[in-house]
Amino acid sequence: MNRTRHTLRRRGALSAATAVAAGLVLSACASTAPADTPDSDADATTPVDGGELTFAIANDPISLNPSGIGSGNDTWYVTRQLVDSLLYQNPYTGELEPWLATSYTANADATSFTFELRDDVTFSDGTPFTAANVKATFDDIIAAGALSQSVSSFVGYQETKVIDDDTVEVDFSTPNAAFPNSTAAVGLGIVGDATLAVPFADRADGEAIVGTGPFTLDTYTKDVETVLTAREDYAWAPKALGNDGRAHLDTVTFQIVPEASVRTGSLTSDQVDVIGGVQPTDVQTLQDAGYPLVSRGNPGISFGLSFNLARPIVSDIAVREAISAAIDPEVVRDTALNDLFNVGTSALAKTTPSWADESEYFSYDPEHAAELLEGAGWTEGADGIRAKDGEPLTLQLGWITNFGPNQTSLELIQQQLKEVGIDVVLEGVTVPEFLEKQAAGDFDIVWGNLSRADGDVLRTQFSAATTKFNIDDPELEALLQGQLAAGDAAERDGILAEAQERIASQYYQIPVHELTSILSTQSSVHGISFGADSRLDLLVAAWKDAD
């Protein structure tokens with residue numbers, strides 16, 4: 001097969017829409033991106049007010065502080081209900097729409113953002129929401145530093161200025177075009193003065209959390225459940241959700257059920273109303289039994305292989321390209337997952353704004369893989385494993401054991417690589433162990449993904465300033481920093497497309513499949529949906545049939 005490799009193809013900006021949402025100036029908005037349509041029912045019956053929803057999730061939230069460090073998706077499922085954000089990112093268009101802010105503008109170099117705020121919002125303790133709360137929340141995140149999972153959104157942060165009660169300006173010393181999208185995230189949800197009066201490290205149990213969201217915390221019992229109660233006076237949800245007033249439900253209880261099979265059994269035995277983290281192996285069973293599914297492809301970094309370029313073997317691009325050519329991602333997807341999961345086409349997943357198709361770099365071609373390895377001096381030994389200067393082509397591959405299909409995917413990849421003479425040792429570990437190995441550089445390859453609804457996730461994953469992969473590529477670095485400085489959406493799309501192509505052409509990451517989040521519900525439950533980040537959206541429109 002004849003190929004041209006290792007060159008950066010210049011391309012124009014993607015044909016992304018930059019329409020202006022009603023009442024919102026999108027001078028620095030990310031462009032639109034396709035989003036999956038949930039498989040949930042489209043029942044037009046008038047919603048029923050009242051009722052209790054029981055939702056089984058896999059992990060304890062760990063921290064109910066919105067900007068704290070919790071257990072990931074399951075934390076954000078809960079905290080999303082407690083706090084509102086300045087902007088709302090529409091999951092079907094990718095556009096930013098009004099929420100606590102009615103509009104925003106940005107200066108030409110994306111270093112200053114001015115938000116006009118609603119004047120009719122209150123916190124759950126009755127105090128009014130003003131620009132001072134935005135400033136205090138953002139300054140609190142900066143002060144928390146490494147204690148906050150949201151501090152990475154404030155690259156170059158200088159200050160937040162209160163212009164008046166209903167106007168706030170956020171200034172950066174360097175361009176940060178990704179910031180408006182960041183304000184739609186749970187981690188930048190606005191909290192009240194009563195929350196900030198409590199030390200950051202003491203807010204995990206949620207008792208101090210005062211937000212403007214549609215629910216308040218009733219009780220939190222670690223590793224058991226979190227119970228939320230609807231606010232009677234809530235009246236400012238995003239219009240795209242179809243209900244900007246009080247939530248239809250009276251209470252929501254998030255039960256902790258770690259085992260996926262037990263969650264599925266809890267749903268089918270009518271013990272719970274909704275389950276999260278549905279495993280691919282359970283999808284057909286639930287569908288056949290008539291339980292509706294809600295699914296959406298996760299934006300951000302696709303599941304794939306990334307390389308530690310400080311390790312001599314994988315620092316050779318020929319080896320990285322050979323690994324790519326030896327992997328058949330369709331076989332991996334079809335065996336370990338199902339057709340709800342997309343085969344990877346780029347470092348970015350398709351539901352990410354600014355996604356570009358780089359699949360031409362990742363064609364399955366084991367003969368080409370063998371040619372590349374031979375050309376790089378790796379010859380096949382008697383045991384089928386290649387070696388060079390007496391060193392076997394053996395690589396350590398680290399991964400986190402927090403997603404059931406990971407092991408099946410990696411065992412298939414291990415087999416496929418062995419067929420071309422590459423020996424891979426799989427090292428599945430817990431999250432803390434994985435982070436420790438990454439920090440120590442104790443890996444050749446890592447398997448993983450990173451969900452975020454903005455193309456800036458490429459910077460956090462591959463920039464020399466933030467990556468654990470020891471990438472020293474001035475061309476890529478210029479693109480990753482350049483997209484932060486692009487105030488125009490189409491220009492930013494073009495830069496991010498070039499960044500994806502650079503990552504693909506240099507095989508810094510080999511995408512295999514995208515992640516899809518899947519929920520399942522009782523047929524009596526309606527209005528459950530995912531947000532643009534493919535995490536549970538606000539539950540204001542959720543309701544249950546009357547008993």
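All residue numbers refer to positions in the sequence shown, counting from 1.
Note: His513 and Phe303 have tilted aromatic rings, judged against thresholds of 30 and 60 degrees for the angle between ring planes.
Side-chain contact, Ser85 with Arg80: a donor N or O sits under 3.5 Å from an acceptor N or O. No side-chain donor-acceptor contact under 3.5 Å links Gln158 and Asp171. Side chain to side chain, Ser71 and Asn59 fail the donor-acceptor criterion of an N or O pair below 3.5 Å. Side chain to side chain, Asp109 and Thr111 meet the donor-acceptor criterion of an N or O pair below 3.5 Å. Counted by atom type alone, Glu411 and Gln407 present one or more donor-acceptor pairs between their side chains at under 3.5 Å.
A salt bridge between Asp537 and Arg296 is absent, with no side-chain N of the basic residue lying under 4.0 Å from a carboxylate O of the acidic one.
Within the 3.5 Å criterion, the main-chain N or O of Leu479 finds no donor-acceptor partner in the side chain of Glu498. Panel note: side chain Arg452, backbone Gly300; no donor-acceptor pair is recorded below 3.5 Å. A distance-only check finds a donor-acceptor pair linking the side chain of Ser534 to the backbone of Gly297 [under 3.5 Å]. Within the 3.5 Å criterion, the main-chain N or O of Asp328 finds a donor-acceptor partner in the side chain of Gln416.
A ring-centre distance under 6.0 Å is not found for Phe434 and Trp399.
Within a 6.0 Å radius of CG in Asp383, other residues, nucleotides and ligands contribute more than 12 heavy atoms. Residue Lys418 places its NZ atom among 12 or fewer non-hydrogen atoms of other residues, nucleotides or ligands, all under 6.0 Å distant. Other residues, nucleotides and ligands contribute at most 12 non-hydrogen atoms within 6.0 Å of the CD atom of Glu436.
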Passes salt bridge (Lys or Arg N to Asp or Glu O under 4.0 Å), Glu514 versus Lys350? Steps please.
CA-CA 8 Å; Glu514 299 176 4; Lys350 291 180 181 178; 5.5 Å; no
When you look at Trp378 and Val319, which way does the side-chain contact (heavy atoms from CB on, under 4.5 Å) test go after all the steps?
CA-CA 9 Å; Trp378 294 97; Val319 173; 3.7 Å; yes
Would you please test Arg311 and Asp442 for salt bridge (Lys or Arg N to Asp or Glu O under 4.0 Å) and show each step?
CA-CA 9 Å; Arg311 296 291 187 107; Asp442 186 17; 3.5 Å; yes
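Taking the ring pair (Phe, Tyr, Trp, His ring centres under 6.0 Å) definition, one finds that Phe179 meets it with Phe113, Phe138, Phe154, Phe172, sequence neighbours left out.
Shortest non-hydrogen contact noted between Ala204 and Ile62 is CB-O, 3.7 Å. Nearest approach of Asp282 to Ala260, heavy atoms of both residues: OD2-O, 4.1 Å. The heavy-atom pair separating Gln438 from Phe469 by the smallest distance is NE2-CE2, 3.8 Å. Nearest heavy atoms, Ala349 versus Thr352: O-OG1, 2.8 Å. Scanning both residues, Leu64 and Thr79, for their nearest heavy atoms gives O-CG2, 3.6 Å. Contact detail for Gln483 and Ala177: the closest heavy-atom pair is O-CB, 3.7 Å.
Put simply, the side chain of Phe200 reaches to within 4.5 Å of the side chain of Ser148, judged on heavy atoms. For the pair Leu309 and Asp472, the minimum side-chain heavy-atom distance is 4.5 Å or more. Side-chain contact between Ser346 and Ser302 is absent, with no heavy atoms from C-beta onward closer than 4.5 Å. Between Asp456 and Ser354, every side-chain heavy-atom pair lies at or beyond the 4.5 Å cut-off. Side-chain contact between Lys388 and Leu393 is absent, with no heavy atoms from C-beta onward closer than 4.5 Å.
In this structure, OG on Ser529 lies 9.0 Å from CG on Leu538, to the nearest 0.5 angstrom. Remark: Gln481 CD to Ile495 CD1 distance equals 11.5 Å, nearest 0.5 Å.
Among the candidates Asp533, Asn73, Leu515, Ile301, the single residue satisfying the side chain to side chain contact (heavy atoms under 4.5 Å, CB included) test with Ser451 is Leu515.
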